[in-house]
Every structure is written in C-alpha cells, then in structure tokens.
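See structure below.
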Amino acid sequence: MPITARHLKARGLPMHDIRMIRDNPDAFDAAIGRVGAGAVSAGILALDEARRGAIGASEAAQAARNAASKLVGKAKADGDEAEFQRLRALMGDKKEEIARLEEEARRLDTQLHDMLLGLPNLPLGDVPDGADEDDNREIRRWGEPKVPGFQPKEHFELAAVQAGMDFATAAKLSGSRFVVLRGAVARLHRALAQFMLDVHVNENGLTETITPVLVREEAMYGTNQLPKFAEDSYQTTNGWWLIPTSEVTLTNTVREEMLDEAALPIRMCAHSQCFRSEAGSAGKDTSGMLRQHQFEKVEMVSITHPDRSLEEHDRMTRLAEDILQRLGLAYRTVVLCTGDLGFGARKTHDIEVWLPGQDTYREISSISVCGDFQARRMNARFRPQGGGKPEYVHTLNGSGLAVGRCLIAVLENGQQADGSVDLPGVLHGYLGGNSRIGADGVLS
RNA sequence: GGAGAAGUGGCAGAGUGGUCGAAUGCGGCGGUCUUGAAAACCGUUGAGGGUUAGCGCCCUCCGGGGGUUCGAAUCCCUCCUUCUCCGCCA
C-alpha cells in the first residue's frame, strides 16, 4: 500500500540519497564514475521523475476518495439516499483507480530501489584514482622487512609446522582450502586470537562480542554482501547465510535502531569464524593457509556520529597497526585506490604485513569507512541531542586482525635457519611461557 | 517436533468498526521557579513520502501481504517474528 520505501524494508532502503542525486547529478556521476559506474544519474532521475508523477497521481486519487468518504457519512445521516448512492459509486470508482495508480507507483519505486541497490558507494575525495592494487598509495611503513641470512621458506614449508598444519587431512574432511591445525601451531593460533582480543577489550575500549555466524538475508543486504555478491558467500538449505566476516553481525546489531546520540560511538570487536566461497580466485594462493574457505578473524566495528567517522577510521587503522607492532611484524599501510575499493566503502586502508617466505607484503587487515551507506540499508539512525530529525549513523569496519594470516606472518618472520620458529615476546604468556617452536614442532 | 499467546509512536502501554496518527506514563525539547541544579508546575514532542521559494497543503504508516466494508489499529485469510509451556538435545 504505502508508496514509500517501507514496502521494500525487508531488502533494505536505498543506500544513496535520491535528493542528493537530484540536487547534484553531475557531482554524483563524477564521484561514482571514479569507481567505474559510468554516468547513471540521468537514468536514475528519469525513473525518479516517473515515480514521483505516479505517486502524485495516486495521492490525488486518494485525496478525492478521502473527501468523498467524509461526505458519505453525512449523506447517510441526513437521509439523502440519492447523494449517498452517488458517493458510494464514486468511491467504488476511486478504489479501482487508486489500486491501479498505486501499483504503477510501487512498480517504479521498486525499480528505482533496485537500481540504487546495485550502485557502489561514493569514494571520498582523498581516495586516489587508479585501476587496481598497483595504484594503491602507501601512506606509511613500520619495521624492517626481515630478510634472513638463509633462503626463507613459506610458512607451510617450515619444519616447525610440518606436524601441526595438515592440509591432506583437511582435504579428506572438506576439500581444498581447508586446514587442520594441531599441537603447537593450533595453540599459537589460539594465542594470537586471545592476544588481539585482550588488547582491544582491555586497552582499546572495544566491547567484546560473540555473535551468530548464521544470519538471515536482511543482514547480508545491510552490509552489502547482497544482492550483488551472493556467489561469494554460502547459504544453508533453509535460507541462512554463513557470514564472510563478523562485520555483518556486528554492524547489523544496530539495524532498525533509533540510537541515542550519547551512545555513540559504539565500538565492538568479535572473534569469529568466517566463511567465503572464494569464487573467482581459483588458482590463487592455493598453497598454505593464506586463502581458506573457513578462517578466523578478530573484527572491529564502530558505529559513529556522521561528524566523527573519519577520525574513527584513523583510530581503527592505528589499533590494527598496533597489534602488528607489538608482534614485531613489519608492515606497510596503503590507501586503496578507486579501482581496488570495495563496494560499500568510501575509503579503505589496507595493512600489509611482511612475509619473508613470499618476499613481499600481503594484506592482513582492511579498514573501511562506509559513511551512511550501510546505515541507510539497515535504517540505523540516531536522534540528535537537543531534538531534531533522526539522522543516519556512520559505520566502519576493520580486521584487527585476520588470525590465520597473522599466524602465517608470525611463523615466517620468526623462522630460523634450522626450521624452528622464534615467537614474539607478547605471546609467551599465552603459550605457557614458551618462546619458540622447535624444528620438531614442539613448543619450548 | 507438539500446544498456546503476542506483535501499536524513542521506550512502556491503552485502545475491538467511523469522532484514532492513536489515551496515559516515561524520555526529549521549550518555559516558570532557582545563585546553579534537582524537584514541582505549564506548554510542546512520531516516522516516511509528495508538493511548495517559503508558510503550508496533501498522502501513507498500529509486524509484512491480501480480503470483508461506504469506512479497519480494531473483523477474516496468509506469511514473518517474538514469547510461554511440553518433548528432545550440546
């Protein structure tokens, strides 16, 4: 019935403000053109105009019906049977007309909604233009990339992990891109997750959170995995989706909420399993546990006031970097260029950790500011202090960090000539006081 | 899996065919009082959309969808969700 976006609520609200597009079509095209969407405003505005015309016609018919409705009771009361019958007939006609006009308005509204739903977020002005990851701009480096005096190995080749990182058995259980961890390696993996959580919770003020990993469709729309990237995630036979990151659950905790401004920012972190189909990355990173269908990640999510999201972005980036510094792992931080930017992000920092075995930096964290893009999809708002209209919150997410990849980094950076691995000091306490994994795979 | 109950504004919670966008309370905002604050009192306060230079006017919304009726928060159907009890179970 309603012509508003309400009937589309289940799939989320449009993530672009149609009024903004109306007022600044050229600016919108320019911005969205930077992420390869071409000039789309003309099509959007044509549809929007048709939609608004249909809404106007529908509402005019409804107003006429409402006016007649007021008179009909009076006619009845006055005993004016002729007038009563005339108005009844009129309302009957209007009913059909309204149904027809509403249907048209709703059809156009849905069409516009779907068009907007498929458009990526707008990059911020300071995001560099570029085609792909080669055009990302480095903003800082920390630490000396470790180059040992011997030929370094990749993590899965190290003597210390041979017993504890079993791809063959995982393949038997599940297939490729899975791993079974045992003994010292499993414990190191757990230690890393614990360490990250402790830092974020005890020192950084994030609220430790445990969420479901199975979610309904709406949540996946909210954080823009749907509708465009359905093939990247897994769905259960009864319709749940396995989260590809706990960004989905943490961010959607404020879905449909009217928050108090004083409650912002809301800072959360979660350690969870993540599931990705890795469709489209066949043949990429096939050895080792760099790219798995199932992996663990400590995720950070912040819900902020619109004026505070950019500083929050920098804060979150520093928190992720801090984990690497404490682990003594060299890294570089880059700003993703327009060509590498994710669908829902306005700006993204990637942190790349040094991997001696690969002789390169590899992504270990990605921190994005989404502006109100996801908030619009989720209808997540706050009431400004001092009254006034509700506003959309801003959402941010970032890895803090990917646990599996961090394990790789610790192993490769700590490797010794004999195949053993020296472990970072901050982890010793999590490992029963042990400080290394011997070439025999045993902690000592 | 079986049996029940319920979904109303930022929140709580009335309302069972028109006079209901919706009592009341809390919260918010403005004011009186106060050195200031609290309390008390008075007033005010839903969301989305269309239209307008603006004032304003109009439309929709009581979980979603459909139906009955001149007329639906209220009656009927259906779906979704939540809760309670029983059973099973980590």
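Per chain, numbering begins at 1; letters A, B, ... match sequence-line order.
- Residue A:Q62 has no polar side-chain atom (N or O) positioned under 4.0 Å from OP1 or OP2 of B:rC58.
- Of the candidate nucleotides B:rU81, B:rA47, B:rU60, B:rU60 has the atom nearest to the side chain of A:N66.
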*Kindly express the pairing pattern of RNA chain B in dot-bracket notation, using | wherever a base pairs with another strand and counting only Watson-Crick or G-U pairs under 3.5 Å.*
((((((((.[[[..)..(.....]]]((((((.......))))))((((((....)))))).[[[[[..)....]]]]])))))))....
*Given A:R107 and A:E104, is the salt bridge (Lys or Arg N to Asp or Glu O under 4.0 Å) satisfied, shown in steps?*
CA-CA 5 Å; A:R107 187 182 64 78; A:E104 174 69 359; 3.2 Å; yes
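- Residue A:D260 is out of contact with every strand shown, counting any heavy-atom pair closer than 4.0 Å.
- Side-chain contact, A:S368 with A:N397: no donor N or O sits under 3.5 Å from an acceptor N or O.
- In this structure, A:F229 and A:F343 have perpendicular ring planes: the angle between them is above 60°, well past the 30° mark.
- The interatomic distance linking A:I18 (CD1) with B:rG48 (P) rounds to 17 Å, in whole Å.
- Between A:F275 and A:H293, a ring centre-to-centre spacing not shorter than 6.0 Å is recorded.
- Only the C1' atoms considered, B:rG46 is 16 Å distant from B:rU24, to the nearest whole Å.
- Per the geometry, CD belonging to A:E256 stands 14 Å off C1' belonging to B:rG10, to the nearest Å.
- In this entry the distance linking CD1 of A:I55 with P of B:rC58 reads 18 Å, nearest Å.
- Between A:H349 and A:H313, the angle of the ring planes stays under 30°, which puts this pair in the parallel group of the 30/60° scheme.
- Computed from coordinates, the A:Y392 OH to B:rA47 P distance equals 13 Å when rounded to whole Å.
- In this model, no donor atom of one side chain and acceptor atom of the other lie less than 3.5 Å apart for A:K297 and A:S246.
- In this entry the distance linking CD of A:E218 with P of B:rU82 reads 11 Å, nearest Å.
- Nucleotides B:rG13 and B:rG18 are separated by 24 Å at their C1' atoms, to the nearest Å.
- The only option from A:D232, A:I243, A:T245 that meets the side-chain contact (heavy atoms from CB on, under 4.5 Å) definition with A:R276 turns out to be A:T245.
- Residue A:R51 has its side chain nearest to B:rG49 when only B:rG49, B:rA47, B:rC59 are considered.
- For A:E59 against B:rG49, a side-chain-to-base donor-acceptor contact under 3.5 Å is present.
- Taking atom P in both B:rA23 and B:rG31, the straight-line distance is 25 Å, to the nearest Å.
- For the pair A:M258 and A:R381, nearest-nucleotide mapping onto RNA chain B gives the more 5' position to A:M258.
- In this model, the phosphate group of B:rG28 is not approached by any side-chain N or O of A:R383 to a distance below 4.0 Å at OP1 or OP2.
- Across the interface with RNA chain B, nearest-nucleotide mapping of A:R65 and A:R22 shows A:R22 to be the residue nearer the 5′ end.
- Nearest nucleotide to the side chain of A:P390, out of B:rG48, B:rU60, B:rG66: B:rG48.
- Across the protein-nucleic acid pair, A:R106 atom CZ and B:rG50 atom C1' stand 17 Å apart, rounded to whole Å.
- Nucleotides B:rC29 and B:rA47 are separated by 15 Å at their P atoms, to the nearest Å.
- Screening A:L264, A:T304, A:I303 against A:H394 for a side-chain contact (heavy atoms from CB on, under 4.5 Å) leaves a single residue, A:T304.
- Taking atom P on both B:rG4 and B:rC79, the two are 15 Å apart, rounded to the nearest angstrom.
- Looking only at side-chain heavy atoms (C-beta outward), A:F28 and A:I44 come within less than 4.5 Å of each other.
- Nucleotides B:rC77 and B:rC26 have their P atoms positioned 39 Å apart, rounded to a whole Å.
- Atom pair A:L259:CG and B:rC11:P shows a separation of 11 Å (rounding to whole Å applied).
- Distance check on atom P: B:rG25 versus B:rC76 gives 32 Å, rounded to whole Å.
- Nucleotide B:rG49 holds its P atom 13 Å from the CG atom of A:L116, rounded to whole Å.
- One C1' atom belongs to B:rU34, the other to B:rC41, and the distance between them is 14 Å to the nearest Å.
- Remark: A:R19 is in phosphate contact with B:rG50, judged by side-chain N or O atoms under 4.0 Å from OP1 or OP2.
- Side-chain proximity of A:A63 to the nucleotides B:rA47, B:rC58, B:rG65 is greatest for B:rC58.
- An OP1 or OP2 oxygen of B:rG48 is reached within less than 4.0 angstrom by a side-chain nitrogen or oxygen of A:K389.
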